[in-house]
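The structure appears right after this line, and notes come after that.
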Amino acid sequence: MNHHYCPLCFAEIPIGVENCPACGRNIEAWERQTPYYDRLIWALKNPHSEVRMGAILSLANQKHPEAAGPLAECALDYPVDVVQGMAVLNAIDHLPAGPEKNRALEKLSKHPAHAVRVSAQEKLD
């Protein structure tokens, strides 16, 4: 049987279900009513690294300054994924200059992974 994941609660669900059996939400309605940017921000919480990475790359292209904070939180929520942390830094680097970007880089300058921490500090300097 084929499965995919609920975009809201990330539970494994059968393909084609309208309502998630885990959270009860209407998946198609949520996807239709939720702006793309908001779905990308929500995807940063997905337990699957491939989904998070897709959201990180897409947010870099969106260039919304307010994405900096959620991107930094994503890197901090998964500190052992250094590749993802570096992708987050790259995405933040593509965002316009401003206080959101600086706050995100400040947070990441304290990241547990040395490479992420040093790169964030270099971008601040």
Side-chain angles (χ1 to χ4, degrees):
M1 186 173 192
N2 292 326
H3 290 84
H4 68 278
Y5 298 90
C6 173
L8 293 149
C9 72
F10 312 120
E12 187 174 306
I13 58 174
I15 291 176
V17 299
E18 289 184 26
N19 294 318
C20 174
C23 70
R25 298 284 303 267
N26 183 301
I27 296 165
E28 186 178 322
W30 181 80
E31 289 177 341
R32 210 176 32 252
Q33 296 167 356
T34 305
Y36 182 61
Y37 171 80
D38 294 338
R39 286 185 282 148
L40 289 174
I41 294 297
W42 188 254
L44 293 174
K45 298 176 171 104
N46 196 294
H48 300 281
S49 61
E50 307 86 24
V51 174
R52 290 192 309 270
M53 190 62 83
I56 292 163
L57 297 173
S58 294
L59 286 165
N61 293 330
Q62 294 275 316
K63 298 188 183 195
H64 289 276
E66 64 274 10
L71 283 163
E73 289 302 318
C74 177
L76 292 166
D77 286 345
Y78 301 93
V80 297
D81 193 339
V82 178
V83 171
Q84 176 185 280
M86 296 304 287
V88 162
L89 280 169
N90 185 52
I92 291 171
D93 203 33
H94 282 83
L95 301 178
E100 297 97 342
K101 184 174 184 174
N102 289 341
R103 279 192 296 272
L105 291 172
E106 283 287 338
K107 282 183 180 181
L108 292 176
S109 70
K110 296 166 182 66
H111 193 279
H114 177 78
V116 175
R117 193 171 55 245
V118 168
S119 185
Q121 189 58 53
E122 286 173 354
K123 290 179 186 311
L124 278 168
D125 296 337

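A quick note: this is a predicted structure, and the numbers were derived from the prediction, not measured.
Annotation: Glu66, atom CD; neighbour count of heavy atoms from other residues, nucleotides and ligands within 6.0 Å is above 12. Residue His94 places its NE2 atom among 12 or fewer non-hydrogen atoms of other residues, nucleotides or ligands, all under 6.0 Å distant. Counting heavy atoms of neighbouring residues, nucleotides and ligands inside a 6.0 Å radius, atom CD of Glu18 does not exceed 12 of them.
Val88 and Leu108 make their closest contact through CG1-CD1, 4.0 Å (heavy atoms, listed as atom of the first residue, atom of the second, distance). Taking every heavy atom of both residues into account, Leu40 and Gln62 meet most closely at CD1-CG, 4.0 Å. Minimum heavy-atom separation, Lys101 to Ala97: CD-CA, 4.0 Å. The two residues Tyr36 and Ser58 have their closest heavy-atom pair at OH-OG, 3.5 Å. The shortest heavy-atom contact between Arg39 and Thr34 is NE-O, 3.0 Å. The two atoms that bring Pro79 and Ala113 nearest to each other are O-CB, 4.2 Å, heavy atoms only.
Although no hydrogens or angles enter the test, the distance criterion places no donor-acceptor pair under 3.5 Å between the side chain of Arg103 and the main chain of Gly69. Here the side chain of His111 pairs a donor or acceptor atom with the backbone of Ala75 at under 3.5 angstrom. The backbone N or O of Glu50 sits nowhere less than 3.5 Å from a side-chain atom of His48 that would complete a donor-acceptor pair.
For the pair His4 and Ile13, the minimum side-chain heavy-atom distance is below 4.5 Å. In this structure, Cys20 and Leu8 have side chains that are not in contact, with every pair of non-hydrogen atoms separated by 4.5 Å or more. Side chains of Asp81 and Arg52 form a contact here, defined as non-hydrogen atoms less than 4.5 Å apart. The shortest side-chain heavy-atom distance between Lys45 and Asp77 does not fall under the 4.5 Å cut-off. Between Glu31 and Pro7, the closest side-chain pair of non-hydrogen atoms falls below 4.5 Å. Between Arg25 and Cys6, every side-chain heavy-atom pair lies at or beyond the 4.5 Å cut-off. Residues Glu100 and Leu95 form no side-chain contact, since every pair of their non-hydrogen atoms from C-beta on lies 4.5 Å or further apart.
Side-chain contact, Glu106 with Asn102: no donor N or O sits under 3.5 Å from an acceptor N or O.
The aromatic rings of Trp42 and Phe10 sit parallel, their planes meeting at an angle under 30°, below the 60° perpendicular limit.
The structure places CD1 of Ile27 at 13.5 Å from OH of Tyr5, a figure rounded to the nearest 0.5 Å. Rounding to the nearest 0.5 Å gives a distance of 9.0 Å between CG of Leu105 and CD of Gln121. Atom-to-atom distance recorded for Tyr78:OH and Leu44:CG is 9.0 Å, nearest 0.5 angstrom. Distance CD/Glu73 to CD1/Ile41: 11.5 Å, rounded to 0.5 Å. With rounding to the nearest 0.5 angstrom, the CD1 atom of Ile92 is 10.0 Å from the CG atom of Leu59. Note that the CG atom of Leu71 and the CG atom of Leu89 stand 9.5 Å from one another [nearest 0.5 Å].
Evaluation of the side-chain hydrogen bond (donor to acceptor under 3.5 Å, both in side chains) rule for Asn61 yields no partner, not counting sequence neighbours.
Neither Tyr37 nor Trp30 shares a network with the other; the hydrophobic side chains, linked directly or stepwise wherever heavy atoms of I, L, V, M, F, W or Y lie under 4.5 Å apart, form separate groups for each.
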Should Leu76 and Lys110 be marked as a side chain to side chain contact (heavy atoms under 4.5 Å, CB included) after you check the CA-CA gap, both sets of side-chain angles, and the distance that decides it? CA-CA 9 Å; Leu76 292 166; Lys110 296 166 182 66; over 6 Å; no
